[in-house]
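Here is the structure we will look at, set down as structure tokens.
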Amino acid sequence: MLDQAAEVVRRLDAGQRVVAATVVRVEGSAPRAVGSSFLVGSDGTVAGSVSGGCVEADLVERCRGLLDGGPAHVVTYGVGDDLGAPGLTCGGTITVLVHEVTALPEGALHQVRRAAEGLDACLLLDEQGRVCADAPLVTLRTPAAHPLLVVGAGEHAVALTRLAAACGFAVTVLDQRPLFATKERFPDAYAVVRDWPDRWLAAHPLTAAHAVAVLTHDQRVDVPTLTAALASPARYVGAMGSRTTHARRVEALRAAGVGPDALARLRSPIGLDLGGSTPEEVALSILAEVVMARHGTTGRPLSTTTAAIHPR
């Protein structure tokens, strides 16, 4: 998922002008939420999306019009009635504000830079796309990245970190072995920490936003790490291993004083039943379960469900 604020900062720092098409209203089913933006730079390059490709070609031309001196404006897209006309295929309607974001007040630029650094931030825009403090038309919001703690620095952790970072997670890799816990092995990680996991957790309490994936399947590491993680408010705690390993691990956790309610939170064997076996396929299985837990959904095939695909 595009970090919109980071992309804006990168382009501004490069001396570009930037025009954004920002979703300000959604009715019915739509691919992207309010606040999603499609960016066009004065160098001609684009980034992001507001519809998954249905209306972006039309928005490129609208954004280029602003770069050529045209005014900010609002456009609404629904189901295209005319053959070849821009429109959505999902049945919903989106209203998009096309506006320039290069000339930001200092306070607004500070907010954008906060978001680019992984912190929660927002910009309030009026009907002309100008940053304002009162009566905003839309809040252009870039939330902080979702924190994911990966314990163990093996090949599965390498694959999971790469995939999770691409999906907007801030991944911290934690392993006590200097040979494995290196930034070179994990270039996409937010942080790589060389320490015993339980000791590090004692000094860095987890929050309700955290997901924890324990990939070591070594009880000397697993048991104290999971004991700490299951005692925390972390929304997701999973552990890798076979069903036999899981059974032994549960007995060891019980012996360590972990109660039944905490054990019921443990997702082990970790991941969804996708059938894959390579590190990349296992990483996909794990991340799918993490995302499912974050959104509180079922993980069932969409073809077997009837609820809205993109809940409002």
Side-chain angles (χ1 to χ4, degrees), residues 1-3 6 31-33 36 47-49 52-53 118 143-175 180-193 197 206 208-218 221-222 225-226 229-230 234-246 249 265-305 307-311:
M1 180 178 181
L2 173 74
D3 184 340
R32 303 299 303 275
S36 301
S49 71
H146 309 291
L148 171 62
L149 179 64
V150 176
V151 179
E155 288 305 306
H156 291 94
V158 172
L160 178 58
T161 299
R162 184 185 308 119
L163 181 59
C167 292
F169 286 81
V171 185
T172 297
V173 179
L174 183 55
D175 196 304
F180 292 92
T182 67
K183 189 63 177 175
E184 290 71 24
R185 276 173 61 79
F186 296 94
D188 300 311
Y190 172 77
V192 180
V193 180
L206 300 173
H210 274 87
V212 181
V214 178
L215 308 183
T216 53
H217 46 265
D218 178 345
V221 176
D222 290 1
T225 301
L226 289 171
L230 292 170
R235 78 169 77 219
Y236 175 95
V237 180
M240 175 177 280
S242 66
R243 298 192 187 282
T244 301
T245 298
H246 168 69
R249 182 188 290 134
R265 297 180 55 218
L266 176 61
R267 295 177 181 267
S268 176
I270 197 171
L272 300 183
D273 183 14
L274 302 185
S277 59
T278 67
E280 291 74 18
E281 289 173 331
V282 172
L284 177 62
S285 165
I286 295 169
L287 191 62
E289 187 176 43
V290 171
V291 172
M292 180 193 74
R294 173 157 61 87
H295 291 289
T297 53
T298 65
R300 293 168 53 198
L302 289 172
S303 60
T304 68
T305 65
I309 296 175
H310 303 290

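A side-chain donor-acceptor contact under 3.5 Å links Ser285 to the backbone of Leu272. Of the possible donor and acceptor atoms, one in the side chain of Thr305 sits under 3.5 Å from a partner among the backbone N and O of Leu302. A donor-acceptor pair under 3.5 Å is formed between the side chain of Arg185 and the backbone N or O of Ala153. At distances below 3.5 Å, not a single donor-acceptor pair connects side-chain atoms of Arg267 with backbone N or O atoms of Ala213. Looking at Arg265, its side chain does come within 3.5 Å of a backbone N or O of Leu230 through a donor-acceptor pair.
Taking CG of Leu226 as the start and OG1 of Thr216 as the end, the distance is 7.5 Å to the nearest 0.5 Å. Rounding to the nearest 0.5 Å gives a distance of 10.5 Å between CZ of Arg294 and CG of Leu148. His156 contributes atom NE2, which lies 8.5 Å from atom CD of Glu280 (distance to the nearest 0.5 angstrom). Met292 CE to Leu287 CG: the interatomic distance, rounded to the nearest 0.5 Å, is 11.5 Å. Rounding to the nearest 0.5 Å gives a distance of 8.5 Å between NE2 of His246 and CZ of Arg243. The OG1 atom of Thr245 lies 9.0 Å from the CG atom of Asp222; values are rounded to the nearest 0.5 Å.
Minimum heavy-atom separation, Ala159 to Ala283: C-CB, 3.7 Å. Across Ala234 and Ala229, no two heavy atoms sit closer than the pair CB-O, 4.5 Å. Summarising the geometry of Leu284 relative to Leu163, their closest heavy-atom pair is CA-CD2, 3.6 Å, with the distance given to 0.1 Å. The minimum heavy-atom distance between Ala239 and Ser268, with the atom names listed, is O-OG, 3.3 Å. Here the closest non-hydrogen pair linking Val290 and Ala211 is CG1-CB, 3.8 Å.
Contact annotation: the side chain of Val221 approaches that of Pro197 to within less than 4.5 Å [non-hydrogen atoms, C-beta and beyond]. Contact annotation: the side chain of Val171 never approaches that of Phe186 to less than 4.5 Å [non-hydrogen atoms, C-beta and beyond]. Side chains of Met240 and Ile286 form a contact here, defined as non-hydrogen atoms less than 4.5 Å apart. Counting only heavy atoms from C-beta outward, the side chains of Val192 and Thr182 never approach each other to under 4.5 Å. Using a 4.5 Å cut-off on side-chain heavy atoms (C-beta onward), Leu215 and Ile270 make contact.
Considering Val291, Val150, Asp188 as possible partners of Phe169, the one that fulfils the side chain to side chain contact (heavy atoms under 4.5 Å, CB included) test is Val291.
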